[in-house]
Amino acid sequence: MIKHLYAIWLGDVLFCFSGETSEPKVDAWTRVIKKLEFGGGGRPFAGAALRLAEVKYPVAAAAEGKTARRGLPGRTLEGLALGPKEAFDLLLAWDDELCRAQGVEAGGEMRYWAAAARFALELMATGAIVPGAIPPRPIGSRRRGGEQAASACWFPAFRQEADKEFFLQLAASMPVLALGAHVAEEGDLTSREDAGGYVLYSFLQAVITAEIKKIIAGSESELGPYKANYRRGYSPLTELWWNSLLTAAGRFRSRGHQQRYPSCWLK
């Protein structure tokens with residue numbers, strides 16, 4: 001029996017699901033998907049974690065002077081979650097025909113995410129990326145002197161007009177299903193194109209960061225000479241951020257530095 005496969009980006013993982021709500025059917029689907037093989041014998045879903053996520057049908061913004069339509073209630077579905085690194089590897093190897101041969105029929109959004117992954121790869125290959133940081137968040141108890149954790153990361157940089165145009169085209173053509181995740185509701189988004197751009201940018205940032213961290217992990221010992229001589233309490237936070245860019249973990253902690261994050265790289 002054919003199993004269906006759909007996917008949406010949740011901001012931190014690619015959530016893959018069948019649309020089924022019956023537990024036996026979801027279990028049967030999971031067994032098939034976890035055995036799915038691509039070229040070279042790789043099974044990208046073999047180690048994927050089970051996850052619940054709410055999927056909604058997006059509602060378009062109300063026209064000026066009209067009352068906004070009430071959003072439809074979402075459905076909580078169970079599926080498999082792939083982190084940015086695993087999702088990137090899957091999408092670059094994506095093959096519809098190979099999936100059908102194994103009894104899996106993928107939704108059109110899988111081809112969309114595969115195109116987005118190839119775009120991310122092209123941006124990295126042409127150097128169209130820029131380092132940055134994800135805003136800090138509190139760690140543990142507030143009694144620890146206000147210690148914060150931030151993540152050094154990489155963002156797409158659309159320096160070429162062709163890259164900018166392709167990004168806008170991808171954002172505008174995002175499948176409706178992909179707009180049904182909570183990440184599409186974040187921020188002040190007034191159109192489907194805005195929502196698509198927000199989700200797509202989040203996806204590109206995550207997979208680009210994951211790929212560069214993988215590369216850094218393979219040569220981290222060689223990057224020591226390029227690190228700043230950071231001294232806690234004396235050196236500027238930018239030096240700690242720079243050192244974090246040159247590590248696979250890419251995270252750094254600070255205490256009392258909340259006002260010193262340079263706005264130019266805090267997205």
Side-chain angles (χ1 to χ4, degrees), residues 1-58 72-121 170 173-185 195-196 199-211 213-214 217:
M1 184 178 178
I2 293 292
K3 304 296 182 185
H4 295 281
L5 175 63
Y6 308 102
I8 57 176
W9 177 250
L10 298 183
D12 58 341
V13 297
L14 186 69
F15 179 67
C16 303
F17 60 99
S18 64
E20 298 285 357
T21 55
S22 162
E23 187 171 344
K25 289 184 178 180
V26 172
D27 289 343
W29 173 86
T30 301
R31 287 192 294 271
V32 172
I33 298 301
K34 280 188 172 259
K35 294 178 181 177
L36 195 61
E37 282 191 19
F38 285 85
R43 293 184 176 182
F45 290 100
L50 287 171
R51 178 161 171 169
L52 294 173
E54 185 182 26
V55 180
K56 296 181 179 180
Y57 188 87
L72 299 174
R75 286 203 304 170
T76 298
L77 300 173
E78 185 175 15
L80 295 171
L82 293 175
K85 176 181 176 296
E86 293 75 22
F88 192 54
D89 291 341
L90 164 71
L91 295 169
L92 289 180
W94 185 256
D95 187 327
D96 275 334
E97 293 300 324
L98 199 56
C99 287
R100 290 193 192 98
Q102 298 175 73
V104 175
E105 183 70 36
E109 72 283 350
M110 292 300 297
R111 292 187 292 277
Y112 174 87
W113 291 122
R118 291 193 296 271
F119 182 43
L121 187 64
L170 268 182
S173 61
M174 181 170 286
V176 172
L177 180 62
L179 297 172
H182 65 83
V183 67
E185 300 176 347
V199 176
L200 179 59
Y201 192 86
S202 168
F203 172 81
L204 293 173
Q205 180 271 315
V207 298
I208 288 172
T209 297
E211 184 66 11
K213 284 183 177 180
K214 182 175 74 172

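Starting from 1, each residue takes its place in the sequence as its number. This is a predicted model, so every value here is computed, not measured.
Taking both residues in full, the closest heavy atoms of Ile8 and Ala178 are given as CG2-CA, 3.8 Å, listed atom of the first, atom of the second, then distance. Listed here is the closest heavy atom pair of Ala106 and Met110: CB-CG, 3.8 Å. Nearest heavy atom pair, residue Val199 against residue Trp113, reads CG1-CH2, 3.9 Å. For Ala120 against Ile208, the heavy-atom pair with the smallest separation is CB-CG1, 4.0 Å. When all heavy atoms of Ala87 and Leu14 are compared, the closest pair comes out as CB-CB, 3.8 Å. Ala28 approaches Lys3 most closely through the heavy-atom pair CB-NZ, 3.9 Å.
Legend: side chain to side chain donor-acceptor pair (under 3.5 Å) pairs involving residues 30-48, not counting sequence neighbours, sorted by first then second residue: Glu37-Arg43. The stretch residues 17-50 participates, sequence neighbours left out, in these ring-ring contact (aromatic ring centres under 6.0 Å, His included) pairs: Tyr6-Phe17, Phe15-Phe17, Phe38-Trp94.
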*Going through the distances and angles, do Ile2 and Glu105 end up as a side chain to side chain contact (heavy atoms under 4.5 Å, CB included)?*
CA-CA 7 Å; Ile2 293 292; Glu105 183 70 36; 3.6 Å; yes
*Stepwise, does the side chain to side chain contact (heavy atoms under 4.5 Å, CB included) test hold for Tyr112 with Leu91?*
CA-CA 9 Å; Tyr112 174 87; Leu91 295 169; over 6 Å; no
*Check step by step if side chain to side chain contact (heavy atoms under 4.5 Å, CB included) holds for Cys16 and Ile33.*
CA-CA 10 Å; Cys16 303; Ile33 298 301; 6.0 Å; no
_side chain to side chain contact (heavy atoms under 4.5 Å, CB included), that's the test. Do Leu36 and Cys99 meet it? Break it down for me._
CA-CA 7 Å; Leu36 195 61; Cys99 287; 4.1 Å; yes
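Applying the side-chain hydrogen bond (donor to acceptor under 3.5 Å, both in side chains) rule to Glu86 yields no partners; only residues at least two apart in sequence or on another chain are considered. Residues forming a side-chain hydrogen bond (donor to acceptor under 3.5 Å, both in side chains) with Arg51 (at least two apart in sequence, or on another chain): Asp12. Under the rule for a side-chain hydrogen bond (donor to acceptor under 3.5 Å, both in side chains), the partners of Lys214 that lie at least two apart in sequence or sit in another chain are Glu211. Annotation: side-chain hydrogen bond (donor to acceptor under 3.5 Å, both in side chains) contacts of Glu97 (sequence neighbours excluded): Arg100.
Tyr201 places no side-chain N or O within 3.5 Å of a backbone atom of Gly196 that could act as its donor or acceptor partner. Under the 3.5 Å distance criterion, the side-chain polar atoms of Glu109 are matched with a main-chain donor or acceptor of Ala7. For Thr209 (side chain) and Ala206 (main-chain N/O), no donor-acceptor pair under 3.5 Å exists by modelled atom type.
No side-chain heavy atom of Arg75 sits less than 4.5 Å from a side-chain heavy atom of Val55. Looking at Val13 and Leu82, their side chains never come closer than 4.5 Å, going by heavy atoms from C-beta outward. The closest side-chain heavy-atom distance from Leu121 to Phe88 is below 4.5 Å. Looking only at side-chain heavy atoms (C-beta outward), Leu52 and Leu77 stay at 4.5 Å or farther from each other.
Summarising the geometry, atom NZ belonging to Lys85 is positioned 13.0 Å from atom NZ belonging to Lys213; distances are rounded to the nearest 0.5 Å. Summarising the geometry, atom CG belonging to Asp95 is positioned 11.5 Å from atom CZ belonging to Arg111; distances are rounded to the nearest 0.5 Å. Distance CG/Leu204 to CH2/Trp9: 10.0 Å, rounded to 0.5 Å.
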